[in-house]
Trainee: 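Structure below; questions to follow.
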Amino acid sequence: MDAQHPLVPPTHQVWASPALARAVRDDQPGAVIRLARRAAGLTLEQLGNLYGCSASTLSRVEREHPPIDQVEVRRDLALLLGIPTEYVGLARHASPAEALTTQAATLGQAPGSGVAADLSSCAGQRLWAGSSSRWSVLVVVARALAMMSRAK
């Protein structure tokens, strides 16, 4: 019950259902979580036991009362259930290599040259400890730009 063994396999019919497409389109992460939980054949209580919270807490999450603005809750439930993170309103988790390639393209550089090479060297400095969030990418970019300005 992790990214390697989610509760709802990627081949499950729920991922192609109109109800799920509607929930994703309408930015209703609670509905997406509910559909995935039901596809896994779990009650609120069972999923709560796996996740580590009460059934009433999960019910509030699914009903979005209050709205689910806690990124960790969305991310953790998505991981547990096998929900693609973009389905619950989060960016897809990119590896450092993907993030560097994207950042290099944004800066108009080919991977492995110019700023992209500086970004790669910065990434090797354990800047990716913890989450590889957009903040980490900004730190890498800032350090790469600082390195470039010192080199001039």
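Keep in mind that what you see is a predicted model, and the values were worked out from it rather than measured. Just so you know, these numbers use all the heavy atoms, side chains as well, and skip hydrogens, waters and symmetry mates.
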Trainee: Output a table of donor-acceptor pairs, distance under 3.5 Å, between side-chain atoms of residues 42-49 and any protein atom two or more places apart or on a different chain; print 'none' if there are none.
Mentor:
unit_1 : atom_1 : unit_2 : atom_2 : d
T43    : OG1    : E45    : N      : 3.4
T43    : OG1    : Q46    : N      : 3.0
T43    : OG1    : Q46    : OE1    : 3.4
Q46    : OE1    : T43    : N      : 2.8
N49    : ND2    : E45    : O      : 3.3

Trainee: Starting at CG of D76, measure out to SG of C53 and round the result to the nearest 0.5 Å.
Mentor: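 Here the interatomic distance stands at 10.5 Å.
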Trainee: Could you state the interatomic distance from CZ (R34) to CD (Q28), rounded to the nearest 0.5 Å?
Mentor: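 One finds 8.5 Å between CZ of R34 and CD of Q28.
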Trainee: Would you say the side-chain atoms of W15 pair up with the backbone N or O of L20, donor to acceptor, closer than 3.5 Å?
Mentor: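 The answer is no, because no donor-acceptor pair under 3.5 Å joins these two groups.
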Trainee: Can you name the nearest heavy-atom pair linking A23 to V32, along with the distance?
Mentor: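 A23 and V32 have their closest heavy atoms at CB-CG2, 3.7 Å.
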Trainee: Check the pair L50, L80 against side chain to side chain contact (heavy atoms under 4.5 Å, CB included), reporting the backbone distance first and the verdict last.
Mentor: CA-CA 9 Å; L50 290 171; L80 182 64; 4.3 Å; yes
Trainee: Which heavy atom of R63 sits nearest a heavy atom of H65, and at what distance?
Mentor: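 Reported closest heavy-atom pair: O-CD2, 3.0 Å.
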Trainee: Give, for atom CD of E62 and atom OG1 of T57, the distance between the pair rounded to the nearest 0.5 Å.
Mentor: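 One gets 11.5 Å once the value is rounded to the nearest 0.5 Å.
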Trainee: Could you tell me the separation between the NE2 atom of H12 and the CG atom of L7, rounded to the nearest 0.5 Å?
Mentor: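 So the NE2 of H12 and the CG of L7 are separated by 11.0 Å.
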Trainee: Write out all pairs satisfying salt bridge (charged side-chain N to carboxylate O under 4.0 Å, His left out) with one or both partners inside residues 13-33, taking only residues at least two apart or from two chains.
Mentor: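 Sorted result for residues 13-33: empty, none.
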Trainee: Give the C-alpha distance, both sets of side-chain angles, the deciding distance and a yes or no for side chain to side chain contact (heavy atoms under 4.5 Å, CB included) between I83 and V8.
Mentor: CA-CA 8 Å; I83 303 169; V8 183; over 6 Å; no
